[in-house]
Amino acid sequence: MSDFLWGVSTSAFQIEGAFDAGGRGPSVWDEFTPIHENQNASVACDHYHRWREDVALMTQLGVNAYRFSIAWPRIQPSGKGPVNAEGLDFYDRLVDALVDVGIAPVVTLYHWDTPLELEAEGGWLNRDIADRFADYTSLVADRLADRVKMWIPINEPAMVTLQGYAIGEHAPGKTLLFDALPTAHHLNLAHGRAVEVLRSFNAHQVGTANNHTPAWPATPADQPAADAYSEIHNWLYADPLLSGRYPDAVADLLPIVEGDLETIHQPLDFYGVNYYNPTRLKLPSEGNPLPFELVEIDEYPRTAFGWPVVPAGLTEMINALRERHPGLPPVYVTESGCSFPQEIEDAERISYLDGHLNAAREADVAGYFVWSLLDNFEWEAGYSQRFGLVHVDYETQRRTPRDSFHWYRRVISGE
């Protein structure tokens, strides 16, 4: 497994802090207020100032790949127009430092931090954002394409649509239900435009990172509910990227313009799967406008977030992807991790990661990225959930590797 990628993942908004530093503009998450205990990410892990320390931690860990995201508002503070040189310089230095220590940079161009000005113009409901995203991609690729090993244009578009625009749990907090579906098409279109741009800069491997969940029916009679949920969560994003078509159930609800599917259906060098848990569904009760209802999965252990721990679901999902898309490119697990409250001795996290890593190996993946290197700002949950191999004291910013950090180091080194 000499070419296997052993990695860790983070995202810019969750760790960087430094909202007002280096010419960064505001993002849609800066303004989103329904956060646990009114917390915010203005400091977070202060990675913007402490990135050298974090690279040193990764060197100690022994990973050979680091997946991180670039903050669009640092590159274009308003989401359009000329580059903010100071913001781009920050990532240039980070990429150089990673390459210098033999860690492959894996760049996500968009991990949910839409520039606030673009959101005011409609955000992902506005088709024009795909053009803006292509412009932004060209600015980043022009500087970094020669050194970045892997590119992921958009992280988990399903979560942007479902949680950001359909039910309002994430920024921008809209509750549009099925009227949120145009955002799915515009996210897919932006992915395709970005792939075209990256290819024009001779970028190395280009792929994606989609959130996937096996959809389990509560009873055999609930299979239609599970199928409907899977089409919206899984196949609405995978199908057009991999086969150039949308699931029949939703295709007529999307604002498709001639040529869009050809743009979206670009050859990919890899396919990233972000997996946390399966989802159980039943047919909707009276008055529910959706074609499904979620049902608790209570026969498995749970994380601190309440998510069921089901490693076999990862293998199940990757197998389902390969069955539906026989030409699936090499698969990487681009996120896999768990929240537990332990300070340093985190045996539950080790057990979780061991199970999921074994499931990933069973599915014959090309790499595995733990979410996350650091405890971080966990979106609407604020600082209440700790996903890190490294514990962060938010008062002092002291980083302390957990037992799981040392366990992962031993796994990587083959000890």
When the ring planes of Trp72 and Phe133 are compared, do they come out parallel, tilted or perpendicular, using 30° and 60° as the limits?
-> perpendicular
What orientation do Trp112 and His170 show, parallel under 30°, tilted 30 to 60°, or perpendicular over 60°?
-> tilted
Are Trp124 and Tyr110 close enough, and set up right, to give a ring-ring contact (aromatic ring centres under 6.0 Å, His included), and what steps lead you there?
-> CA-CA 12 Å; Trp124 291 103; Tyr110 175 75; 5.2 Å; yes
Identified side-chain contact (heavy atoms from CB on, under 4.5 Å) partner of Ser27 from the options Leu116, Leu118, Asp113, Thr114 | Asp113
Test of ring centre spacing under 6.0 Å for Tyr246 and His185 | yes
How far does CG of Leu253 sit from CZ of Phe178, to the nearest 0.5 angstrom?
-> 7.5 Å
Between Arg324 and Asp239, does a salt bridge (charged side-chain N to carboxylate O under 4.0 Å, His left out) hold up when you go through it step by step?
-> CA-CA 9 Å; Arg324 190 175 178 104; Asp239 285 1; 2.7 Å; yes
Between Phe387 and Tyr276, what is the ring plane arrangement, given parallel below 30°, perpendicular above 60°, and tilted in between?
-> perpendicular
Aromatic centroids of Trp371 and Phe369 separated by under 6.0 Å = no
Is the closest side-chain heavy-atom distance between Arg402 and Leu389 below 4.5 Å?
-> no
Mind checking whether Tyr394 and Tyr383 have parallel, tilted or perpendicular rings, split at 30° and 60°?
-> tilted
Pair Asn155-Asn274, side-chain donor/acceptor within less than 3.5 Å = yes
Could you go through the salt bridge (charged side-chain N to carboxylate O under 4.0 Å, His left out) check for Asp375 and Arg386 one step at a time?
-> CA-CA 5 Å; Asp375 289 338; Arg386 291 184 175 268; 2.5 Å; yes
Looking at Tyr332 versus Tyr271, is the centre-to-centre ring distance below 6.0 Å?
-> no
Distance col, row Trp51:CH2 vs Ile15:CD1, nearest 0.5 angstrom, shows 12.5 Å
Are a donor atom and an acceptor atom from the side chains of Thr108 and Arg67 found within less than 3.5 Å of each other?
-> yes
Does Asp54 pair with Arg399 as a salt bridge, N-O distance under 4.0 Å?
-> yes
Please state whether the rings of His233 and Tyr229 are parallel, tilted or perpendicular, taking 30° and 60° as the class boundaries.
-> tilted
